[in-house]
Protein chains: 2
Amino acid sequence: MTVSGKVEVVGRSETVDAVDVEGMCPYRLVLEHVTSRWGVLVLMELLVRPYRFSELRRAIGRVSEKMLTQTLQTLERDGLVHRDAKPVIPPRVDYSLTDLGREAAAQVKALADWTAERMPDVDRARRTYDKARAERTRAQ
Amino acid sequence: MTVSGKVEVVGRSETVDAVDVEGMCPYRLVLEHVTSRWGVLVLMELLVRPYRFSELRRAIGRVSEKMLTQTLQTLERDGLVHRDAKPVIPPRVDYSLTDLGREAAAQVKALADWTAERMPDVDRARRTYDKARAERTRAQ
DNA sequence: CTGGATCCGAGATGATACTG
DNA sequence: CAGTATCATCTCGGATCCAG
């Protein structure tokens, strides 16, 4: 990385110069892009089919234009998302997954599916945990 | 969830009452706990073997006590991590994965491994992207 | 040693207005 | 429509001090 200064990137922040290297394996950054709040949703939506910007925004729901733009740019830079801007008026931009992106999305989806599947177990664990904690509080 | 008030939880914040339900599938929260900055590292370390608190802290490196505690509590509540506090002085607490946690950790590791493996491709994509952007800037 | 409680800054996210 | 820019907000995460 030769650029200096700051860049707004999805995930956690990054100062482009050196801070990232001295405390984090480089792949951790990609992992954070991919598992970021909106990164997960974008990848999974695009796994279904390509989307236009606003279309994607509606599909995800409750995401600001700014964050969606940022997320898409980050994923595009990492080579996971392909951006196809057609020079027409009004503007039309289609987003899709690259081959690399499809692999990433598949991994993410596997994790998401597992989570959804195991949700009942998690809920049960939570109730147990909360009940135990409540009793300890009552008994001081 | 019957508890009210706020709770510090790993991932993004959560107001325990209703805010989480009205805008997010519940499993998204678990997903965020698991893919959180420290959640990923904790799960992967514990996949190797059980650890004591300070031991885990050293193994991960560069994590504050606060965040490690928070992460472990969140994962424990979700039923992914088992906490074994021995009533001795000085205190000794061992952390390990539950069966559910081992499954989660395996998924996370799969994603992390994929990321590490594909890092060269990502780097190449980034260089291409940055070069293209630089030229567009130069040409205005 | 294992945390709990608190303060605080950096930065992530959102709302709004503006451009091509 | 697809963004960019700016401003306002919120909270994550680190540092510090304290307790059992």
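It should be emphasised that the depicted structure is a prediction, and the values quoted were computed from it without experimental measurement.
A salt bridge (Lys or Arg N to Asp or Glu O under 4.0 Å) check over residues 43-53 of chain A, counting only residues at least two apart or in different chains, returns the pairs Arg49(A)-Glu55(A).
Not counting sequence neighbours, the partners of Val88(B) by the side-chain contact (heavy atoms from CB on, under 4.5 Å) test are Lys86(B), Arg92(B). Every residue two or more places apart in sequence or in another chain that forms a side-chain contact (heavy atoms from CB on, under 4.5 Å) with Asp113(A) is listed here: Lys109(A). Listed by chain and residue number, nothing satisfies the side-chain contact (heavy atoms from CB on, under 4.5 Å) test with Ala106(A) (two or more places apart in sequence, or in another chain). Looking at residues two or more places apart in sequence or on another chain, you find a side-chain contact (heavy atoms from CB on, under 4.5 Å) between Val40(A) and Met44(A), Val108(A), Leu31(B). Scanning for side-chain hydrogen bond (donor to acceptor under 3.5 Å, both in side chains) contacts around Gln73(B) gives an empty result, with sequence neighbours left out. Take Asp99(A) and apply the side-chain hydrogen bond (donor to acceptor under 3.5 Å, both in side chains) test, not counting sequence neighbours, and it matches Arg102(A).
Atoms CG (Leu68(B)) and P (dA15(D)) sit 14 Å apart, rounded to a whole Å. Rounded to an integer number of Å, the gap from Arg83(B) CZ to dC1(C) P is 16 Å. In this entry the distance linking CG of Leu72(A) with P of dT4(D) reads 11 Å, nearest Å. Regarding Gln70(A), its CD atom lies at a distance of 12 Å from the P atom of dA5(D), rounded to whole Å. Residue Glu32(A) contributes atom CD, which lies 15 Å from atom P of dC12(D) at whole-angstrom precision. Taking atom CD1 of residue Ile89(B) and atom C1' of nucleotide dA19(D), one finds them 12 Å apart after rounding to whole Å.
Side-chain N or O atoms of Thr115(A) include none that pairs as donor or acceptor with a backbone N or O of Tyr27(B) at under 3.5 Å.
The residue Arg57(A) sits apart from the nucleic acid: no heavy atom pair falls under 4.0 Å.
Contact between the side-chain N/O atoms of Tyr95(A) and the OP1/OP2 oxygens of dC1(D) is not found at any separation under 4.0 Å. An OP1 or OP2 oxygen of dG3(D) is reached within less than 4.0 angstrom by no side-chain nitrogen or oxygen of Gln73(A).
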5' to 3', nucleotides 14-20 of chain C under a 4.0 Å protein heavy-atom cut-off (B base, S sugar-phosphate only, - none) gives BB----B

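Using a 4.0 Å cut-off between charged side-chain N and carboxylate O, Glu135(A) and Lys131(A) make no salt bridge.
Contacts of residues 46-56 of chain B with DNA chain D (heavy atom under 4.0 Å): none.
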